[in-house]
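Encoded as structure tokens, the structure appears first; notes follow it.
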Amino acid sequence: MCPPEHFTVEYAINPWMDTEVAVDADLALKQWDTLRNTLVDLGHLVHVLDARPGLPDMVYSANGAFSVDGTVYGARFKYPQRADEAAAHRAFYESPWRYHAPIQVNEGEGDFAYLPGAYGGIVLAGYGFRTDPAAHAEAQEVLGRPVISLKLVDPAFYHLDTALAALDDRHVTYYPGAFSPASQRVLAQLFPDALLADREDAEAFGLNLVSDGRHVILNTEAAGMGRKVRDAGYLPIHVNLSELKRGGGSVKCAVAELRA
Ligand code: ARG
């Protein structure tokens with residue numbers, strides 16, 4: 001995680017960002033701290049990356065890389081405003097991880113998810129707004145896992161992690177409307193038992209969740225999604241991330257998961 005010490009909305013690279021509305025910097029830090037404490041209280045180890053001035057989106061640390069079994073596929077950001085974040089993440093991963101610098105544009109866990117218990121371990125990968133589909137093939141070569149390409153079609157859900165989440169090692173939840181009809185068929189074939197979310201869930205950033213397989217941490221606004229995950233047997237924990245939503249992100253965007 002990376003604290004929102006320099007978080008602002010000073011440019012707009014997704015439809016959620018409004019440069020006219022000021023961010024409450026103190027509140028953003030408090031909310032971020034609550035998220036970090038929630039993870040720590042659940043027994044998770046959280047490493048903190050230093051925030052850098054001039055990189056207001058660095059709080060969305062999930063975009064900096066994608067790791068699978070100790071191998072790290074580095075990020076290369078689409079927009080120049082975020083380009084320098086990649087080096088900060090790279091410095092964190094360089095040892096003892098096996099870090100691979102990418103050639104293709106990709107935004108790390110923003111567009112990649114890993115399901116270790118599905119089909120022997122598969123990667124789901126989004127494209128359409130940020131990550132170049134060529135990065136999917138590159139990730140497959142780096143990680144040695146099948147990568148399933150999924151096309152995102154709604155600009156409000158511009159990263160895979162705004163539209164789909166792993167609930168545990170082999171179960172996913174997603175909002176079908178964020179995907180092309182063909183990609184919806186792919187998801188239905190691979191995950192016939194998926195927990196389906198609706199547009200309201202997705203707009204509340206309810207799919208931008210972090211799950212440890214038992215506890216599901218999600219935005220407070222996503223009350224409906226909380227009920228759905230509870231009915232599916234998980235324990236929802238709501239955290240208010242109203243300020244981070246102004247940048248177009250929530251829980252998942254703020255947490256890069258380390259798969260050692
Ligand atoms: N403002 C950031 C951007 O548009 C938000 C990134 C959200 N992160 C995520 N994993 N979806 O790039």
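Remember, it's a predicted structure, so these values are computed and weren't measured experimentally. One-based numbering, in listed order, for ligands and for the atoms of each.
For the residue pair Arg145 / Tyr114, a side-chain donor-acceptor distance below 3.5 Å is found, with atom types taken as modelled.
Under the 4.5 Å side-chain heavy-atom criterion for ILVMFWY residues, no single connected hydrophobic cluster contains both Tyr60 and Trp16.
Residue Asn208 has no N or O atom closer than 3.5 Å to an N or O atom of ligand 1.
In Arg130, the part holding a heavy atom less than 4.0 Å from any atom of ligand 1 is the side chain. Using a 4.0 Å cut-off between heavy atoms, Lys252 makes no contact with ligand 1 at all.
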Carefully, step by step, assess Phe7 and Trp32 under the rule ring-ring contact (aromatic ring centres under 6.0 Å, His included).
CA-CA 11 Å; Phe7 177 58; Trp32 180 88; over 10 Å; no

Given the rule in the side-chain hydrogen bond (donor to acceptor under 3.5 Å, both in side chains) test, do Thr131 and Asp111 qualify, once you have shown the distances and angles that lead to the verdict?
CA-CA 7 Å; Thr131 295; Asp111 274 323; 2.7 Å; yes

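Atom numbering of ligand 1 starts at 1 in the shown order; those under 4.0 Å from a heavy atom of Gly248 are 7 (C). Per-residue contacts place Met17 under 4.0 angstrom from the following atoms of ligand 1 (heavy atoms of the residue considered): 1 (N). Close approach of ligand 1 to Ile13 is summarised as follows: ligand atoms under 4.0 Å from at least one heavy atom of the residue are 3 (C), 4 (O), 12 (O). Near Gly110, with a cut-off below 4.0 Å to any heavy atom, the atoms of ligand 1 are 10 (N).
Between Tyr93 and Trp97, the two ring planes are perpendicular [angle over 60°; tilted spans 30° to 60°].
Here the shortest heavy-atom distance to atom 2 (C) of ligand 1, taken over Leu160, Asp57, Asp111, belongs to Asp57.
In this structure, Tyr158 has a heavy atom closer than 4.0 Å to ligand 1.
Here the closest heavy-atom approach between residue Ala28 and residue Pro4 is recorded as O-CG, 3.6 Å.
Among all protein heavy atoms, the one lying closest to atom 10 (N) of ligand 1 is Asp161 OD2, 2.6 Å. Of the protein's non-hydrogen atoms, the one nearest atom 1 (N) of ligand 1 is Gly247 O, 2.8 Å. At the top of the distance list for atom 9 (C) of ligand 1, counting protein heavy atoms only, stands Cys253 SG, 2.6 Å. Shortest contact from atom 12 (O) of ligand 1 to any protein heavy atom: Arg82 NH1, 2.7 Å.
Summarising the geometry, atom CG belonging to Leu187 is positioned 7.0 Å from atom CG belonging to Leu124; distances are rounded to the nearest 0.5 Å.
Note on Glu85 versus Arg52: no salt bridge recorded, every NZ/NE/NH1/NH2 to OD/OE distance being 4.0 Å or above. Asp201 has a carboxylate O that lies under 4.0 Å from a charged side-chain N of Lys228, or vice versa, which qualifies the two as a salt bridge.
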